[in-house]
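Written below as structure tokens is the structure these notes are about.
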Amino acid sequence: MSPNSKQPELKTLAAEGLWNNNPIFKQVLGICSTLAVTNLVLNTMVMCVALVFTLSFSAATVSVLRNYTPRNIRMMVETLIIAFYVIIVDVILKAYWPQMSGQLGPYVGLIITNCIIMGRCEACSNTSPVGKAFLDGLFNALGYSFILLIIATVRELLGMGTFLGYAAPYFSSQYFDKWIIMVMPPGAFFMLAIVTWIFRTIQSKNEEPGQ
Amino acid sequence: MNVNTEIWQGFVVCISAVFTNNILLNYFLGMCPFLGCSREVKTSVGLGFAVIFVLTSTCILNWLIYHYVLVPLSLEFFRFIIFIIIIAAFVQFVEMLLDRTSPLLYQKLGIFLPLITVNCAILGASLFMVIRNHSLIVTIGYGLGSGIGWFLAIIAMAGIRQKLANEHIPKGLQGPGIALIIAGLMALAFTGFAGVLQGN
């Protein structure tokens, strides 16, 4: 592939993953394992890094093996590939940051059943060359991460008055009543609903003039 | 610890998994089918029963494998792969068994079984049970309770969504948006159960 044709492809892949076909507000996939950790920005960041790593590399691996995998056991093979990368993440986290590993609890392991990874493997890596599959995975994971970081920032700011654990200027002062509900589970549902609403509305406004 | 107190503890864990620590509304596990398959009460009931059954059985199976195979061999880090293989194999096995023995039940539950393999609630419950160091009897209670909790949540959701089908909803909020808001309200209602069981 020549460098000239690669440039636009990179752009379309980025636009698809980050915006047009965003995993969270468009595909609504894989919100299970990560919604739970969005009460703190730091936890969310770690989780997102783990997801970016797992999604891009497992997409690439599935793509490398796509011609050698029998059709009827391909789901099983994909799951095992994903599990392989998740174990790497889990072991590294346990070794170098045991405290974080304890806080995230089972959610690191639950990346395996995160539907977005399986979804991308089925939708793209099965049929595409390695480079494209890797980038598709990467941009989807990034599109996923930025929404989660928005949610986490709002939740931590309103719920605890902090950002990354540091006290935020106005929100941690006595003039601001902390929204405890934001750090509790219902807060995550409401925030995700609001974010979905806002982004879908923007998206449909952008699409209308073009049609 | 004698057996009676353990059974009692299992019962308490079961009730708390249904209400105060609902696997779906508190831990966000199994969201994808919860949002995707909750348009009709009938399908939700089928899916819910399948989840209760698979969740309880795989929890017990995974407990046995973890404590009698993985721990003695000190292969704990390998549990993700083992658990997911056991879940997939178990679902496949149940599917075949149902197909042979009870075609009626197979028709009702059959289409939901493959979906269950990728349901995070199943793997999540197994991982929670390992992290919390439950004993076998408590694990049975925990698996059963988690399954019933999930079942309750999805049925309530499907009922509400059926009522909402004819309402006017803003365009950006249609589909997953409104479902998430309903889930949020349900989670809010379920936080009312907190404190029902002291010491959990």
Side-chain angles (χ1 to χ4, degrees), chain A residues 24-38 75-76 78-80 82-91 94 102 105-119 181 184-205, chain B residues 21-22 24-36 76-85 87-89 92 114 117-132 169-191 194:
Chain A
I24 296 205
F25 61 82
K26 198 71 195 185
Q27 304 176 41
V28 202
L29 280 180
I31 37 188
C32 343
S33 68
T34 326
L35 206 51
V37 296
T38 52
M75 294 282 260
M76 205 60 226
E78 282 165 13
T79 314
L80 289 184
I82 298 166
F84 168 71
Y85 285 107
V86 171
I87 288 180
I88 294 179
V89 172
D90 185 57
V91 169
K94 267 209 186 101
Y107 292 102
V108 175
L110 282 168
I111 295 179
I112 298 173
T113 45
N114 192 324
C115 342
I116 185 61
I117 303 189
M118 199 58 128
I181 195 74
M184 284 171 25
F189 284 115
F190 289 133
M191 265 316 294
L192 184 61
I194 292 167
V195 167
T196 311
W197 187 6
I198 294 172
F199 281 97
R200 282 199 165 196
T201 312
I202 297 174
Q203 211 171 32
S204 64
K205 286 245 166 67
Chain B
N21 286 322
N22 191 295
L24 193 110
L25 299 169
N26 259 4
Y27 296 109
F28 311 100
L29 297 176
M31 285 292 291
C32 306
F34 179 68
L35 294 177
E76 286 96 339
F77 70 92
F78 215 56
R79 65 177 186 272
F80 297 149
I81 285 189
I82 298 290
F83 284 3
I84 200 85
I85 289 177
I87 292 169
Q92 197 78 51
T117 316
V118 288
N119 188 332
C120 348
I122 313 285
L123 182 63
S126 289
L127 292 178
F128 267 124
M129 133 216 129
V130 165
I131 286 178
R132 292 180 187 163
I169 297 164
K171 198 172 166 234
L173 208 53
Q174 277 164 14
I178 193 72
L180 283 166
I181 290 194
I182 298 169
L185 291 173
M186 273 163 62
L188 208 54
F190 269 66
T191 54

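So that the names make sense, note that chain A is the first sequence line, chain B the second, and so on, each numbered from 1.
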B:I178 versus chain A, the contacting section by heavy-atom distance below 4.5 Å: neither
Could you look at A:I181 and say if it's the side chain, the backbone, both or neither that has a heavy atom under 4.5 Å from chain B? side chain
Chain A: which of B:L188, B:L24, B:I182 shares the most heavy-atom pairs with it under 4.5 Å? B:L188
Donor-acceptor contact below 3.5 Å, side chain B:Q174 vs main chain B:I169: yes
Minimum heavy-atom distance between B:L127 and B:R79, given as atom pair plus value: CD2-NE, 3.8 Å
Does B:N22 use its side chain to pair, donor to acceptor, with the backbone of B:L25 at less than 3.5 Å? yes
Under 4.5 Å to a heavy atom of chain A? For B:T191 that would be side chain
Below 4.5 Å from any heavy atom of chain A, which atoms of B:I122 appear? Answer side chain, backbone, both or neither. neither
Selection from A:G109, A:G105, A:A188 maximising heavy-atom pairs under 4.5 Å formed with chain B: A:G109
Indicate the atoms forming the closest heavy-atom contact of A:A193 with B:L180, along with that distance. CB-CB, 3.7 Å
Of the listed B:P176, B:A179, B:G177, the one with the largest count of heavy-atom pairs under 4.5 Å with chain A is B:P176
Look at the side chain of B:Y27 and the backbone N and O of B:G124, then say whether any donor-acceptor pair between them is shorter than 3.5 Å. no
State yes or no: are the ring centers of B:F28 and A:F189 separated by less than 6.0 Å? yes
Is chain B contacted by the side chain of A:M76, its backbone, both, or neither, given a heavy-atom distance below 4.5 Å? side chain
Portion of B:A88 that has a non-hydrogen atom of chain A nearer than 4.5 angstrom: side chain
Taking every heavy-atom pair that is under 4.5 Å apart, which of A:V86, A:V91, A:T196, A:D90 has the most such pairs with chain B? A:D90
For a 4.5 angstrom cut-off between non-hydrogen side-chain atoms, does B:I85 reach A:T79? no
Can you tell me which residue among B:L123, B:N21, B:L29 is in a side-chain contact (heavy atoms from CB on, under 4.5 Å) with B:F128? B:L29
Which bit of B:I131 is near chain A, if near means a heavy-atom gap under 4.5 Å: side chain, backbone, both or neither? side chain
Looking at A:L80, A:I87, A:T201, which one has more heavy-atom pairs under 4.5 Å with chain B than the rest? A:I87
Would you mind checking which part of A:I112 comes under 4.5 Å of any heavy atom in chain B, side chain (CB onward), backbone (N, CA, C, O), both or neither? side chain
Sort B:L35 into side chain, backbone, both or neither according to what part of it lies under 4.5 angstrom from a heavy atom of chain A. side chain
B:G184 and A:P186: which non-hydrogen atoms are nearest, and at how many Å? O-CB, 3.7 Å
